[in-house]
Amino acid sequence: MQAPAAFDPWRPSFVADPYPVYAALRDRGRAQYFEPSRQWLIPRYEDVRALLRDRRLGRTYLHRFSHEEFGRTAPPPEHEPFHTLNDHGMLDLEPPDHTRLRRLVSKAFTPRMVERLAPTVERLANELVESFVAEGGGDLVAAVAEPLPVAVIAEMLGIPPGDRAALRPWSADICGMYELNPGEETARRAVRASVEFSAYLRELIAARRRSPGEDLISGLVAAHDEGDRLTEQEMISTCVLLLNAGHEATVNSTGNGWLALFRNPDELALLRSDPDALLPTAVDELLRYDTPLQLFERWVLDDIEVGGTVIPRGSEVALLFGSANRDPERFRDPDRLDLSRADNPHFSFGGGIHYCLGAPLARLELTASFGALLRRAPGLRLVAEPRWNPGFVIRGLRELLVEV
C-alpha cells in the first residue's frame, strides 16, 4: 500500500503539524510504502512497539551482510568520515558490540549518578532562567533550552567550558544526516563536523590518558586501558552520540513543550497552580504530545509481516513515533494535552535494546527548566508565531519568542 500524498516530510506546513496526516495514515493501514524515501511507514502504536523489539530488524545490517548482499549501495567514499563516526556509536550497532558498549556507558547513567547531578542541573537551570527573566524574555530556545543540556552533557564528558561553543554547531551539522534523503551540502557539513569533532576528541582523550579526572571520558579511557575491548574510535563515536542524543532531544522537547502549553492555556494554568505536584506527569505528557523524535529507522534483516503485508529483507522501516504517540488504540483522547495523564508509555525515548540511556537525565533537565520558568516567570507568554526548523526526523523550533 502506498502512503497518502499528504505525507510530505519536506513540506514546512507538514513539519509544523504532522498529526492530521498521521491520523489518515493509521486509518489507511499498518504498513505503507513511501517511495520518495524508499521506506515502509509504520504508524500504529502496537506495530511500533513490536518492531522495536523484533530481532529480525536492526539499526545496521553490516554485522550480517555486505552492502551488495543486502541490495544496497555503499556510501560515497567522500562521506566516509561521517559514517566511520556514526557506525561505531552504540545506537547504530547490534549485539554483541552494542551490548558491550552499552554496558560500559550505562555506568555513567545509574540512578545514583543522575541523583548526584541533580543539584548542578537545578543550579544551571535557575541561573539561565534568572538571566532570561532579567532580560524581560527573548528567544526561549536560544537562552534556556539550548544552553542547559549542552552544559550538563559537556560537564559529564569533561569538556572544558572554553571549548563548548563548538559543540552545538558540530552536533547540528552531524544530525542533519539523520533526516530523510539528505542533500550533498548537508553531507559536506556533516563530514566536516565529523572530522573536526573527532580530531578534538582524540586530543581530549590523549589529555585524559595523561591526566585522568572524574568525567566520563576518563572512565572510557580507563575501561580501554583495562582491556575492556573499547577502541579509540568507539570512544570518540560514543562521546559524539552522547552529546547529540544528550541535548538535541532535550532542546526540542523544551521548545515544543512550551509551545504546547501556550496553545493549551487551561493546562498551563493548571500546571502553574501546582508545578511540584504536576511536573512529573507533565514532562512525560509533553514528550508524548509533541515528541522531538518523530521517526526511527530500522533495517529488515529477515522477511517480516505487518498487518498482512510482507516486508522483505533489505527493506527499511520508518517507525513513526509521533503517530504512535497519538494512537487512539493506546491513548485515551490522544490529541488532548492532559498533564495529569499517568498511563503514558510513549516512544519519545525509543524502546527495546536502543531505549535511551539518558532518559532519567533528560527528565531531570526538563523538570528543572520547566520548574524554574514556572516559578520565576509566572506570566510568561508567547509574543510571535514560532518558526520551525526544516528537519522532520528530529523536529523542533528554530526559535520561541516570549516575554516575561
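We number each residue from 1, following the sequence as shown. Worth saying up front: this structure is predicted, and the values here are computed from it rather than measured. The figures here come from the full heavy-atom set of this structure, side chains too, leaving out hydrogens, waters and symmetry mates.
Partners of His88 by ring pair (Phe, Tyr, Trp, His ring centres under 6.0 Å), not counting sequence neighbours: none found. Here Glu196 pairs with Trp170, Arg192 under the side-chain contact (heavy atoms from CB on, under 4.5 Å) rule; sequence neighbours left out. Applying the salt bridge (charged side-chain N to carboxylate O under 4.0 Å, His left out) criterion to Asp302, with sequence neighbours excluded, gives Arg64. Under the salt bridge (charged side-chain N to carboxylate O under 4.0 Å, His left out) criterion, Arg44 pairs with no residue, sequence neighbours left out. With sequence neighbours excluded, the residues that form a salt bridge (charged side-chain N to carboxylate O under 4.0 Å, His left out) with Arg336 are Asp333, Asp338. Legend: residues meeting side-chain contact (heavy atoms from CB on, under 4.5 Å) with Leu241, ordered by chain and number and at least two apart, are Met90, Leu91, Ala245. With sequence neighbours excluded, the residues satisfying side-chain hydrogen bond (donor to acceptor under 3.5 Å, both in side chains) with Arg330 are Asp343. Evaluation of the ring pair (Phe, Tyr, Trp, His ring centres under 6.0 Å) rule for Tyr355 yields no partner, not counting sequence neighbours.
A salt bridge is defined here as a Lys NZ or Arg NE, NH1 or NH2 lying under 4.0 Å from an Asp or Glu carboxylate O, and Arg263 with Glu385 meets this definition. With salt bridges taken as basic N to acidic carboxylate O contacts below 4.0 Å, none links Arg38 and Glu316. The pair Glu155-Arg164 counts as a salt bridge, with a side-chain nitrogen and a carboxylate oxygen less than 4.0 angstrom apart. Between Arg208 and Glu203, no side-chain nitrogen of the basic residue sits less than 4.0 Å from a carboxylate oxygen of the acidic one, so the salt-bridge criterion is not met. Salt-bridge check for Glu329 with Arg26: failed, with every basic side-chain N at 4.0 Å or more from each acidic carboxylate O.
Under the 4.5 Å side-chain criterion, counting only non-hydrogen atoms from C-beta, Tyr61 is in contact with Arg72. Using a 4.5 Å heavy-atom cutoff, the side chains of Leu201 and Val240 are in contact.
Using modelled atom types and a 3.5 Å distance limit, the side chains of Tyr19 and Asp290 yield a donor-acceptor pair. For the 3.5 Å distance criterion, the side chains of Gln233 and Thr84 fail to qualify, holding no donor opposite an acceptor.
Within the structure, the ring-ring contact (aromatic ring centres under 6.0 Å, His included) test picks out the following pairs touching residues 307-342 (sequence neighbours left out): Tyr45-Phe331, Phe296-Phe321, Phe321-Phe347. The stretch residues 234-282 participates, sequence neighbours left out, in these ring-ring contact (aromatic ring centres under 6.0 Å, His included) pairs: Trp258-Phe262, Trp258-Phe370. Within the structure, every pair that satisfies the salt bridge (charged side-chain N to carboxylate O under 4.0 Å, His left out) test and touches residues 173-188, not counting sequence neighbours, is listed here: Asp173-Arg189, Glu185-Arg188, Glu185-Arg189.
Remark: Ile159 CD1 to Ile217 CD1 distance equals 5.5 Å, nearest 0.5 Å.
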Under 3.5 Å, sequence neighbours excluded: what are the donor-acceptor pairs made by side chains of residues 357-364?
unit_1	atom_1	unit_2	atom_2	d
Arg363	NE	Asp284	OD1	3.3
Arg363	NE	Asp284	OD2	3.0
Arg363	NH2	Asp284	OD1	3.0

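Heavy atoms only, all atoms of each residue included: Phe70 and Val300 are closest at CZ-O, 3.2 Å. The minimum heavy-atom distance linking Met177 with Ala187 is given by the pair SD-CA, 3.6 Å.
Proximity of a side-chain donor or acceptor of Arg53 to a complementary backbone N or O of Arg49 within less than 3.5 Å is detected.
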